[in-house]
Amino acid sequence: MSYAHRLIGGQPVSLSDYDPQGDGGLKKDAAAPIFERHIAELQELQELLYASNHLSVLIVLQGRDTSGKDGTIRHIFGPLNSQSCRVASFKVPSHKELAHDFLWRVHAETPARGQITVFNRSHYEDVLVVRVHGLAPEPVWRARYRHINEFERLLAESRTLVLKFYLHISRDEQMERLLKREQDPTKYWKLSAGDWKEREHWDAYTAAYEEALTQCSTDYAPWHVVPANKKWFRNLAIAETIVEALRPYKAQWMSELEETGARALQEIKEFRDKKA
Ligand code: ADP
């Protein structure tokens, strides 16, 4: 059972079809041990991914302010080995970045073989915030759906597994989270009037997200809509999707490792025989 909604490419997406409050009929207590099992399996798969050095994994996290990108990173990727897992965050582009094509800074952050990279925001900002605020003329951002698909195809054909997640929260939930931050000094660093200003553009962002999800969900780089009002369910759904996408590679990675091990053992044996 998949808790994240995988989108079928090319079909028009309407976010109102997905309930941000969704929890798959689970209770938080029942979900906790399942989530722990997913994390344990993910740790094991990460080690095999790294050791077999065969594939790269790119996880794209997008969502409105307070949708839980940071929390997702903490809960799912925090427990992984930092030797082969890193986060790249995309902020307002610098002058230097703006002097290049929009994918220049993004391509530089894609995962190397054996590595997992998590994009906290991504190249999709260039068809989201840029579209909503008119930061580039329409023909410029409109061409980017094609550019993005071609870029992601290049990554996929270069053995990068690309999984994209839209963290789907409701407007009410966002308000509650923004207000809660104002009560919690440990969250003060996250306070920003900008979040309240962006909230005014809720419908324009909905339209921008729907078009990005419609145009850019492909077999080789699928989008998933993740109900994200309940943080524990969001974590469970994303962890499950990643584990299920990596699991089919396990047998292949194991057999490659066995071959590598057999070669190394043979070399060690030859070395010892020569010395004896
Ligand atoms: P976050 O909200 O992700 O925790 P920040 O508060 O620093 O982190 O926000 C990053 C900001 O950078 C967001 O408002 C986002 O829309 C903006 N941003 C990211 N990429 C681009 C881009 N290509 N063009 C314009 N703004 C961007």
Side-chain angles (χ1 to χ4, degrees), residues 15 58-78 86-110 117-152 164-171 173-182 184-213 215-216 223 226 228 231 234-235 238:
L15 284 174
L58 174 61
I59 307 293
V60 173
L61 298 179
Q62 281 287 163
R64 303 171 197 261
D65 295 320
T66 77
S67 62
K69 299 182 288 295
D70 293 344
T72 302
I73 290 168
R74 204 168 47 249
H75 285 95
I76 299 179
F77 303 98
R86 55 184 286 275
V87 177
S89 298
F90 292 94
K91 311 269 182 189
V92 177
S94 66
H95 286 299
K96 186 172 177 183
E97 288 167 346
L98 281 173
H100 293 80
D101 70 82
F102 78 105
L103 291 170
W104 179 75
R105 67 173 183 161
V106 179
H107 207 164
E109 300 287 356
T110 55
T117 298
V118 184
F119 279 4
N120 181 358
R121 300 186 187 270
S122 66
H123 42 305
Y124 283 91
E125 291 294 326
D126 292 279
V127 290
L128 293 165
V129 66
V130 169
R131 168 177 167 154
V132 169
H133 289 289
L135 302 180
E138 179 163 351
V140 171
W141 58 255
R142 206 156 263 298
R144 289 180 176 166
Y145 300 113
R146 179 171 51 81
H147 297 148
I148 289 174
N149 286 339
E150 288 169 359
F151 170 62
E152 292 177 355
K164 301 178 294 195
F165 297 95
Y166 169 66
L167 279 45
H168 187 36
I169 53 163
S170 63
R171 199 169 182 176
E173 179 68 20
Q174 188 190 54
M175 185 155 80
E176 261 180 49
R177 291 185 187 185
L178 286 172
L179 289 172
K180 211 166 158 199
R181 276 181 187 174
E182 295 177 17
D184 179 356
T186 68
K187 296 278 163 60
Y188 279 0
W189 63 279
K190 289 189 172 188
L191 290 181
S192 153
D195 289 346
W196 289 96
K197 288 184 197 154
E198 285 306 272
R199 199 176 142 73
E200 305 276 301
H201 302 283
W202 185 272
D203 292 341
Y205 271 108
T206 301
Y209 267 112
E210 287 178 340
E211 181 144 21
L213 298 174
Q215 303 263 7
C216 300
W223 269 109
V226 181
K231 296 172 183 175
R234 170 203 76 203
N235 293 338
I238 296 176

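Bear in mind that the values here come from a model prediction, so they are computed numbers and not experimental data. Sequential numbering from 1 along the given sequence is applied to the chain's residues. Below, all heavy atoms of this structure are taken into account, side chains as well, without hydrogens, waters or symmetry copies. Start at 1 and go down the list; that is how both ligands and their atoms are numbered.
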Does Q62 reach the main-chain N or O of S122 with its side chain, forming a donor-acceptor pair under 3.5 Å?
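Yes; judged by distance alone, with no hydrogens or angles, the pair exists.
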Can you sort out the partners of H147 under ring-ring contact (aromatic ring centres under 6.0 Å, His included), two or more places apart, ordered by chain and number?
none
Grab the two heavy atoms, one from W141 and one from A136, that are nearest each other, plus how far apart they are.
CD1-O, 3.4 Å
For the residue pair T72 and R234, what are the closest heavy atoms and their distance?
OG1-NE, 3.1 Å
May I have every N or O pair linking ligand 1 to the protein at under 3.5 Å, one per line with atom names and distance?
from     : atom 1 : to   : atom 2 : distance (Å)
ligand 1 : 2 (O)  : R121 : NH2    : 2.8
ligand 1 : 3 (O)  : R121 : NE     : 2.6
ligand 1 : 3 (O)  : R121 : NH2    : 3.4
ligand 1 : 7 (O)  : K91  : NZ     : 3.1
ligand 1 : 8 (O)  : K91  : NZ     : 3.3
ligand 1 : 12 (O) : V92  : N      : 3.1
ligand 1 : 16 (O) : E125 : OE1    : 2.9
ligand 1 : 20 (N) : K91  : O      : 3.3
ligand 1 : 20 (N) : R105 : NH2    : 3.1
ligand 1 : 23 (N) : R105 : NH2    : 3.3
ligand 1 : 23 (N) : D126 : OD1    : 3.1
ligand 1 : 23 (N) : D126 : OD2    : 3.4

Ring of F102, cation from R144 - is the NZ or CZ under 6.0 Å from the centre and inside 45° of the axis?
yes
Tested for side-chain contact (heavy atoms from CB on, under 4.5 Å) against I148, the lone hit among D126, V106, V127 is V127
